[in-house]
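A short worksheet on the structure shown next.
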Amino acid sequence: MSEKRKKRDKPDNKRTIDPAALEILERNDGKVETAYDRYVKMQPQCNFGRTGICCRICLQGPCRITRRASKGVCGAHGYTIVARNLIRAINGGAGAHADHGRHLIYTLTEMIQGKAPDYKIEDPDKLRRVAQLIGLSVEGKEERDLLEEVLNAAVSDFTKLNDEPLHWLEGTVTPGRMEKFADCNIHPRSVHTAISETMGQTHMGVDSDPVNLVFQGLKTSLADFAAEHIATDLSDILFGTPRPVTSEANFGVIDPEMVNIALHGHNPLLSEMIVRAAREMRPEAEAVGARGVKCMGICCTGNEVLMRQGIPLLTNFLSQELPIMTGAIDAMVVDVQCIMPGVRAVAECYHTRIITTMSHSKIPGAHHVEFTEDRAMEKAREIIHLAIEGYKERLPDRIDIPKLKHTVTAGFSVEAMLDLFAAVNPDNPIKVLTDAIDSGQLRGVVLLCGCNNLRVMHDHSCTTVIKGLAENNVLMVATGCMAGTAAKLGLMNAGAVEEYAGDGLKSFIHMLNEANADKLNNRLPLIFHMGSCVDNSRAYDLNTLMANQWGVDTPKVPYAASAPEAMSEKAVAIGSWCVTLGMPTHVGVTPEITGSALVDGIALQIAHDVYGGYFIWEEDPEKSVEVLLAALDERTWKMRVHRQAQEKYETETISAGW
Ligand code: BF8
Ligand code: SF4
């Protein structure tokens, strides 16, 4: 092998700041190949793809825009190619979230027909709240009947073909947003319709107008939002609305004396059952010499079971292969999304069983236990038996578990947040938050969301943004793998408040601690974990509540989103609805859009003019803090000026502009 090639392929163990992940990578030194190594081998990556100007939509391609060839074979301009690629990425994300939401609708429907006997309504109060949210009357209705009505509404939002508003948009966003969607003709007819339309519209020789294409992308992103909200609401009805819970995170949660199961993927339909079965199957584990069965989470499944069951979080997206390399994971159970096929090859070097569970999400060579709603617990037990078999084949001399773990307090649904605020202001809980911003105690709210991406140092951008915002008195809520970063690196507990929060944020959190002292088992964390990526819907609900309290539309609210290490198409879809729903949205990894100044300009500037939300591409994490603070400050300042004008001229409405 040439020297140059050797250098290029050298494992790069320094692509993470997580000390536990580093420990495993250093020890491995490239012997077992992981994503960290493959990223290095993949360099240099194609710049046509990176900037979005490669079209493979028809068989005459790939067409790439160069100085010599300024259009594709069919005459498509760069802006058409970039816009089509972009909205197909939004569509991929919406398709994945639709898959998740649809699975919940299906399971609940089977349940009320008596065909999914292991599931039941865990949270009837949430069922009533959801019913009211979507405009149903709840008086005198039986639980089962009410759920059937909610499910009919969900099916309608997923499939209808007319122009009636979606229940899960009309009930969740401000009236101002609904008017905006109507004005711009971006209200989706339904989740599936929008997804299908986007594929049709981006077929070869259909739409070549980049603005029209981007608007269709935004329409699809709203369908994505509705699908996520349905997924969150139905999960809460089925498994309970999250409440504050304290657990642990990072590799140190692996217990060598237990049968260890890593739960990885997204949908709680599977993981909740496995957690339940694991608690029941301790005797079987003891029979093979273990102390019991321990479940731990990875990615958004990890967030789901942490939020509701207090199950420890093992790690986030990028380091998902590494738990296997501790030699003490007996099974990794996966369902859908963000599961690297690479886990299988790593597992081949150890005793770990990789178990796929969904008919549409298989990995060659893995065990497959088809999960079905009608026999959910039976399937969960079958999976745990496989893990116990795995335990028997452990190689003791290969077990080496990093000791690092941190306390994490999670479980902050909007309901849980409002409970905390209600202890201070029972009549109007959300006013506790808006008052803190009005008084300058807090500078605003930031939602930290999204993935990991090897194009930036794993966990580094996220932690830098967290520390910078904390110091500057920004209240943070988090979801997805960014919540994972915070949890596993010790930023999601009470100690982090003392270490990193500025005076305003600290006093705000202390006030909530004191007001809720009788209810909380643990003091509140620096960052409020709102759940998995579909739970970005919860995070947005907080924005709507703030807007309604101030009597403004969301583009005026000092509430921004930040995805410092975005990776997936789902992140593109979420970012797009954040913008459409009025938020400044920072992305720390520039997406494949810069090949067209026009489309890039729509994302960065025109979006702001039309929707009030806009994208910010900033890859430097320190600068990201500055731009996020500037975005919050601009809104707080404007709101103050508008309010002063309103008082001076005694008008009823605050300025409509942003
Ligand atoms: O839905 S944050 S890497 S795990 S896509 Fe995936 Fe990104 Fe993680 Fe959850 Ni969300
Ligand atoms: Fe090329 Fe046009 Fe076909 Fe795209 S659709 S691959 S630009 S010919």
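The shown structure was predicted, so the numbers you read here are calculated from the model rather than taken from an experiment. Each ligand, and each atom within it, is numbered from 1 in the order the structure gives.
- With ligand atoms numbered from 1 in the order given, ligand 2 contributes 4 (Fe), 5 (S), 6 (S), 7 (S) to contacts under 4.0 Å with heavy atoms of Cys55.
- Backbone or side-chain N, O or S atoms of Cys74 reach atom 2 (Fe) of ligand 2 at under 2.8 Å.
- Those atoms of ligand 1 with a heavy atom of Ser568 less than 4.0 angstrom away are 5 (S).
- Numbered from 1 in the order shown, with element, the atoms of ligand 1 that lie under 4.0 Å from a heavy atom of Phe317 read 3 (S).
- Residue Cys338 approaches ligand 1 through these ligand atoms, each under 4.0 Å from one of its heavy atoms: 3 (S), 4 (S), 5 (S), 6 (Fe).
- For the pair Met567/Val589, no side-chain contact is recorded, criterion being any heavy-atom separation below 4.5 Å from C-beta on.
- For Arg64 and Phe48, the positive end sits near the middle of the six-membered ring, less than 6.0 Å away and at most 45° from its axis.
- Listed by number with element, the atoms of ligand 1 under 4.0 Å from a non-hydrogen atom of Cys299 are 4 (S).
- When each of Glu321, His458, Arg15 is tested with Tyr36 by the rule side-chain hydrogen bond (donor to acceptor under 3.5 Å, both in side chains), just one qualifies, namely His458.
- Look at Gly450 and you'll find a heavy atom under 4.0 Å from some atom of ligand 1.
- Among protein heavy atoms, atom 7 (Fe) of ligand 1 sits closest to Cys451 SG, 2.4 Å.
- Here the heavy atom of the protein found nearest to atom 8 (Fe) of ligand 1 is Cys481 SG, 2.3 Å.
- Protein heavy atom nearest atom 1 (O) of ligand 1, with residue, atom name and distance: His266 NE2, 2.7 Å.
- Only the side chain of Arg84 comes within 4.0 Å of ligand 2, judged by heavy-atom distances.
- Within the listing of ligand 1, atoms 3 (S) sit less than 4.0 angstrom from a heavy atom of Met567.
- For an aromatic pair to be called close, the ring centres must be under 6.0 Å apart, and His529 with Phe412 fails this.
- Between atom 8 (Fe) of ligand 1 and Cys533 there is no N/O/S contact shorter than 2.8 Å.
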